[in-house]
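Report on one structure; see the data block that follows.
Predicted model, so just to flag it, every value in this text is computed and none were measured.
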Amino acid sequence: MATTAQLFEEPFDADEYIERLAWRTPGGGSKGGAEAFDPKRLLEEFENHIEELKQLDEKIQRRVEKLEHQCHREAKEFAHKVQDLQRSNQVAFQHFQELDEHISYVATKVCHLGDQLEGVNTPRQRAVEAQRLMTYFNEFLDGDLRSDVFNNPEKIKEAADIIQKLHLIAQELPFDRFADVKAKIASKYHDLERQLIQEFTAAQRRGEIGRMREVAAVLLHFKGYAHCVDVYIKQCQEAHVREKLDETRHSDVEQYLKNLYDLYTRTTALATKLTEFNLGSDKHTFLSKLIKSIFSSYLESYIDMEREYLRTRGAMILQRYYDSKNHQKRPIGTGSIQELKERIRQATNLPLGPIIDTHGETFLSPELVVNLLQETRHAFERCNRLSDPSDLPKNAFSIFLLLVDHLCVEHIDYALEIGLSAIPSSDAKNANLYFLDVVQQANSIFHLFDKQFNDQLMPLISSSPKLAECLHKKKEVIEQMEVKLDTGIDKTINCMVGQMKHILATEQKKTDFRPEDENNVMIQYTTACSKVCAYVSRQVEHVRKSMDGKNVDTVLMELGVRFHRLIHEHLQQYSYSSMGGMLAICDVAEYRRCAKDFRVPLVLQLFDTLHALCNLLVVAPDNLKQVCSGEQLTNLDRNLLHAFVQLRLDYRSARLGRHFS
């Protein structure tokens with residue numbers, strides 16, 4: 001039976017059950033094995049197993065019947081218990097109903113008795129209260145407040161209740177007979193009201209919410225209760241403002257200024273929203289005074305802290321930049337000595353100090369400029385919001401002066417001074433000219449400076465006398481920069497011309513224009529001409545990238561005029577054979593092609609005239625007069641024409657001088 005029970009393991013499968021039974025039987029396996037298949041033995045095993053199953057079924061059936069009988073018996077017993085509980089519950093419910101009716105009856109009697117007692121006690125209490133008030137009224141009438149309630153600060157709550165009632169009574173009395181006593185009661189009324197508001201304020205500062213609740217409950221019946229609300233709101237704002245500002249006022253000025261601007265802006269915005277409500281006819285004045293009382297101590301010192309912060313912040317930004325360049329700022333002279341040096345430098349174009357090698361560094365930083373302008377923009381915004389309207393132009397002007405000092409003087413002007421000192425002398429060889437890069441960056445920076453001047457400063461000062469001061473200061477700064485820019489550009493052009501002169505001196509040979517074999521000249525123009533034109537083209541492109549507007553044409557015209565003068569003087573140093581003259585014409589033609597890149601009519605005209613002059617080097621002697629009378633040469637000085645003709649090798653042999661006699 002145990003074996004059979006094992007075969008009934010879950011999940012039960014009849015086919016699986018038969019298969020497992022067959023495998024357990026010796027000789028019953030379908031695939032053979034150690035013993036051959038024995039159907040009789042398997043049949044016998046099946047019959048025995050069926051018998052065992054029948055016995056197991058009978059045993060289980062008897063057990064089931066026994067459990068069913070036991071279940072029926074217990075169900076009947078449980079039903080009897082439930083019936084008994086239901087009967088007990090019904091009895092208890094009836095008792096509760098009776099008790100509830102009895103309680104209701106007693107309560108009705110008690111309420112009735114209370115009403116009767118109240119009907120008797122209320123008139124008595126009123127009479128006692130009236131007598132008590134009459135006693136206190138007599139004290140006011142006599143002018144001698146003897147009662148402890150009016151003299152003991154700890155009984156202010158009781159005194160407030162009495163005076164509030166006496167004040168109402170006094171309103172009903174005729175003025176002619178009780179004017180004096182009414183005035184005394186009113187005086188005490190206002191005095192107690194003031195004391196209560198002071199007590200409320202002190203409790204709020206101490207954080208005693210319970211005491212605040214008590215005092216507010218007493219003030220509720222006074223006319224000054226609304227003032228109590230005002231005090232509460234003001235105190236809340238002052239506590240919040242003080243917490244936000246005092247903790248950073250000395251430790252972090254930047255955060256302090258940001259917090260002050262933010263709190264003041266939010267407070268004024270809130271006041272604007274509050275004006276939409278019915279706060280009385282003078283609500284704007286009231287809200288303005290309230291805001292002023294909260295922020296007055298901070299607004300009075302605002303501009304001083306703003307200036308000090310900008311001064312410190314600007315110096316830090318500048319120093320951080322120069323430290324990043326490993327540069328120690330050189331002291332730049334000021335006053336009359338510096339002005340004298342500047343005048344001498346402009347008049348003589350001589351370096352008044354050692355030439356500095358900046359290695360191509362302009363010492364101008366767009367990032368630094370953006371940081372300074374950003375700080376100044378925030379300062380202008382704070383100034384506009386936090387300054388008194390009468391002080392706004394003056395405060396804005398003081399911020400502008402700090403920007404001028406940091407950006408224009410300490411950065412741009414310093415970079416121009418360094419750039420001027422770094423410009424090599426005009427006879428330097430292979431000089432690197434970085435001053436034009438300084439010019440380009442200085443112009444870009446000043447455009448940003450000018451934009452901030454127009455966008456943010458002008459609206460703050462446009463209707464005040466400070467406008468003239470600002471415009472004068474800006475003009476002064478521009479003029480100082482332009483003087484140094486003009487000086488630097490002039491020195492740079494001199495260096496360019498010096499470099500051209502050096503190229504011509506080293507590359508131009510006397511034999512270029514007096515070739516040994518007149519019939520075997522294969523070049524289109526000389527090497528010197530080629531190198532000079534290449535150098536000039538690079539410098540023209542450099543000028544165009546470094547400047548804008550009319551400045552480009554002005555500088556290129558000056559460079560072009562000096563370029564022409566150099567070539568003109570250079571050509572007069574040589575003697576020309578017939579083929580050499582042709583080569584000189586080719587050189588000048590190349591110079592003229594280079595001059596077209598200037599896009600300046602005057603420069604092109606000068607080279608056209610020079611090209612016409614060079615024709616005098618090759619024209620037949622009999623045609624000299626005709627050529628000199630041509631359109632391009634007819635207005636030139638005869639001495640100049642004669643000087644060019646004298647450069648011909650055949651001048652004496654062909655007796656060309658007679659054409660100018």
Side-chain angles (χ1 to χ4, degrees), residues 332-333 338-358 360-364 408 412-446 476-504 532 535-570 594-595 597-600 602-603 606-607:
I332 301 298
Q338 179 66 13
E339 292 176 2
L340 179 61
K341 285 185 177 181
E342 192 64 38
R343 291 180 180 178
I344 295 174
R345 181 163 57 189
Q346 293 175 36
T348 63
N349 206 21
L350 295 174
L352 300 179
I355 296 176
I356 300 174
D357 187 1
T358 62
E361 178 60 58
T362 63
F363 290 103
L364 288 171
C408 299
I412 301 178
D413 189 71
Y414 178 76
L416 292 177
E417 284 288 342
I418 296 296
L420 286 171
S421 301
I423 298 176
S425 61
S426 59
D427 57 352
K429 300 177 178 61
N430 300 319
N432 290 319
L433 304 177
Y434 296 113
F435 190 79
L436 290 180
D437 297 331
V438 177
V439 173
Q440 178 188 13
Q441 293 189 28
N443 282 333
S444 300
I445 292 171
F446 197 81
E476 183 182 90
V477 170
I478 293 175
E479 289 176 350
Q480 290 175 355
M481 288 178 55
E482 286 180 343
V483 167
K484 293 183 179 180
L485 288 171
D486 291 345
T487 302
I489 292 171
D490 186 69
K491 290 180 65 177
T492 301
I493 292 176
N494 281 343
C495 287
M496 293 178 182
V497 174
Q499 188 67 20
M500 298 180 213
K501 187 181 294 185
H502 173 70
I503 295 173
L504 292 172
V532 167
Y535 177 79
V536 170
S537 296
R538 290 197 301 272
Q539 301 313 313
V540 169
E541 186 64 24
H542 197 179
V543 170
R544 291 195 183 281
K545 289 181 178 179
S546 303
M547 299 184 185
D548 54 9
K550 295 181 179 179
N551 293 330
V552 177
D553 294 337
T554 302
V555 173
L556 287 180
M557 183 172 70
E558 183 64 25
L559 176 61
V561 169
R562 297 190 194 184
F563 174 38
H564 167 266
R565 185 184 304 127
L566 173 66
I567 300 302
H568 185 276
E569 294 173 353
H570 173 72
C594 180
D597 294 339
F598 285 70
R599 303 173 196 167
V600 178
L602 174 62
V603 176
L606 289 173
F607 277 95

Using a 4.5 Å cut-off on heavy atoms from C-beta on, say whether the side chain of [Y] contacts that of [X].
X: Phe598; Y: Val536; answer: yes
X: Pro424; Y: Leu433; answer: yes
X: Val603; Y: Leu556; answer: no
X: Lys491; Y: Phe435; answer: no
X: Asp437; Y: His542; answer: yes
X: Leu504; Y: Leu566; answer: yes
X: Glu361; Y: Tyr434; answer: no
X: Val438; Y: Lys484; answer: no

For this session: Evaluate the criterion side-chain contact (heavy atoms from CB on, under 4.5 Å) for residue pair Glu479 and Val483; output intermediate values, then yes/no.
Result: CA-CA 6 Å; Glu479 289 176 350; Val483 167; 5.5 Å; no
Can you name the nearest heavy-atom pair linking [X] to [Y], along with the distance?
X: Cys594; Y: Ser537; value: SG-OG, 3.8 Å
X: Phe446; Y: Met481; value: CD1-SD, 3.7 Å
X: Ala595; Y: Phe607; value: CB-CD1, 3.6 Å
X: Met557; Y: Leu602; value: SD-CD2, 3.9 Å

Between [atom1] of [X] and [atom2] of [Y], what distance do you get to the nearest 0.5 Å?
X: Gln539; Y: Ile493; atom1: CD; atom2: CD1; answer: 10.5 Å
X: Leu416; Y: Glu482; atom1: CG; atom2: CD; answer: 11.5 Å
X: Ile418; Y: Asp413; atom1: CD1; atom2: CG; answer: 10.5 Å
X: Thr492; Y: Ile423; atom1: OG1; atom2: CD1; answer: 4.0 Å
X: Ile567; Y: Leu606; atom1: CD1; atom2: CG; answer: 12.5 Å
X: Thr362; Y: Ile445; atom1: OG1; atom2: CD1; answer: 7.5 Å

Exercise. Crowded around Arg599 CZ? As in, over 12 foreign heavy atoms under 6.0 Å?
Worked result: no
For this session: Sequence neighbours left out, what passes salt bridge (Lys or Arg N to Asp or Glu O under 4.0 Å) with Glu558? Give chain and number order.
Result: Arg562
